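Here is the structure we will look at, set down as structure tokens.
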Amino acid sequence: MKIATYNVNGVNGRLPVLLRWLELAKPDVVCLQELKAPNKKFPEKAIAGAGYKSIWHGQKQWNGVAILSRDLEINEVSRNLPGESDDYQSRYLEVLVEDLLIACLYVPNGNPAPGPKFDYKLRWLDRFSIRANELLELGTPVILAGDFNVIPTELDVYKPESWVKDALFRQEVRTAFKILVDQGWTDAIRKLYPTEKIYTFWDYFRNAYARDAGLRIDHFLLSPQLKDYLISGGVDKEVRGWDKTSDHAPVWIQLANEY
DNA sequence: ATGTCACGCCTAGCGTGA
């Protein structure tokens with residue numbers, strides 16, 4: 001099974017790029033973030049035309065997540081991250097793809113830090129950590145995929161020293177990510193490439209893509225049942241170079257069929 | 001500090017988020 005995650009930065013503005021990439025990469029399941037579209041403007045028909053059924057959780061103007069499936073049956077489990085009843089931001093979606101639970105997440109950016117947005121990010125990560133632990137305790141295969149807005153280590157950023165005060169790399173955030181992973185998750189891309197520079201995001205500013213001034217912030221975390229079935233994975237980096245493209249590139253993993 | 005995108009809106013540049 002090939003599973004991808006892609007922060008599209010506007011699902012309608014990016015529709016030609018998304019459809020072109022789907023045709024090329026042919027993932028079985030796709031987690032999308034930053035739809036920037038209300039529910040009624042999600043391009044369900046165009047995506048169905050490419051062969052994918054969709055479950056989406058949109059929001060006017062900002063945020064928004066979706067999960068697409070090509071052939072496999074998909075059923076919604078939840079569209080809310082527990083723990084904060086007045087949190088209206090659409091950043092979370094949990095589905096079952098057959099017997100595999102997939103959570104698609106779009107963690108708050110958190111800048112400027114410190115400040116209320118950063119506090120919200122830390123609370124969100126705490127809430128997510130609680131949910132992730134519950135999912136682990138199910139003892140069934142689970143994938144947490146999406147835009148974590150976390151640079152896990154110095155290897156994951158082109159110039160660490162210039163990012164230490166940024167909400168994506170501050171120590172509190174790196175620690176939160178480490179606590180989460182240490183519950184028993186496997187960072188799939190880092191497992192496949194233990195020492196290589198792997199980036200998934202390049203800023204629109206300052207010609208970042210051409211300079212390869214990137215960050216690794218889109219991640220797959222695998223529950224223990226899955227880690228030995230991870231075959232391959234990577235970043236479809238060339239998509240970041242396409243016209244009218246997102247600032248993120250799609251990231252994917254391949255799991256053995258018999259997991 | 002800056003830079004570049006996409007979105008919504010009392011439609012046309014501006015505020016906001018990233």
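Chain letters run A, B, ... following the sequence lines, proteins first and then strands; every chain starts at 1. Hydrogens, waters and symmetry mates are skipped; everything else that's a heavy atom, side chains included, is used. Here the structure is a predicted model, which is why all the values come from computation and not from measurement.
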With side chain to side chain donor-acceptor pair (under 3.5 Å) as the rule and sequence neighbours excluded, what pairs involving residues 113-126 of chain A come up? A:Glu84-A:Arg123, A:Asp87-A:Tyr120

Write down the distance between [atom1] ([X]) and [atom2] ([N]), rounded to a whole number of angstrom.
X: A:Leu215; N: B:dA18; atom1: CG; atom2: P; result: 15 Å
X: A:Phe201; N: B:dG17; atom1: CZ; atom2: C1'; result: 12 Å
X: A:Ile217; N: B:dA18; atom1: CD1; atom2: P; result: 12 Å
X: A:Tyr120; N: B:dG17; atom1: OH; atom2: P; result: 13 Å
X: A:Gln89; N: B:dT16; atom1: CD; atom2: P; result: 16 Å
X: A:Asp247; N: B:dG17; atom1: CG; atom2: C1'; result: 11 Å

Looking at residues at least two apart in the chain, or sitting in another chain, which of them share a ring pair (Phe, Tyr, Trp, His ring centres under 6.0 Å) with [X]?
X: A:Tyr6; result: A:Trp21
X: A:His57; result: none
X: A:Trp185; result: none
X: A:Trp202; result: A:Tyr209

Name the nucleic acid region contacted by A:Tyr106, choosing base, sugar-phosphate or nothing; use a 4.0 angstrom heavy-atom cut-off, strictly under. sugar-phosphate

With a non-hydrogen cut-off below 4.0 angstrom, is A:Arg91 in contact with a base, only sugar-phosphate, or nothing? sugar-phosphate

Any cation-pi pair here, A:Arg91 with A:Tyr106, using under 6.0 Å and within 45°? yes

Do A:Arg216 and A:Phe201 meet the cation-pi criteria used here (NZ or CZ under 6.0 Å from the six-membered ring centre, within 45° of the axis)? no

If I pick the [atom1] atom on [M] and the same atom on [N], what distance separates them, to the nearest angstrom?
N: B:dG3; M: B:dG8; atom1: C1'; value: 23 Å
N: B:dG17; M: B:dA12; atom1: P; value: 24 Å
N: B:dC10; M: B:dC5; atom1: C1'; value: 25 Å
N: B:dG13; M: B:dA1; atom1: C1'; value: 23 Å

Heavy-atom protein contacts under 4.0 Å, nucleotides 1-10 of chain B, coded B base, S sugar-phosphate only, - none: -BBBSSBSS-

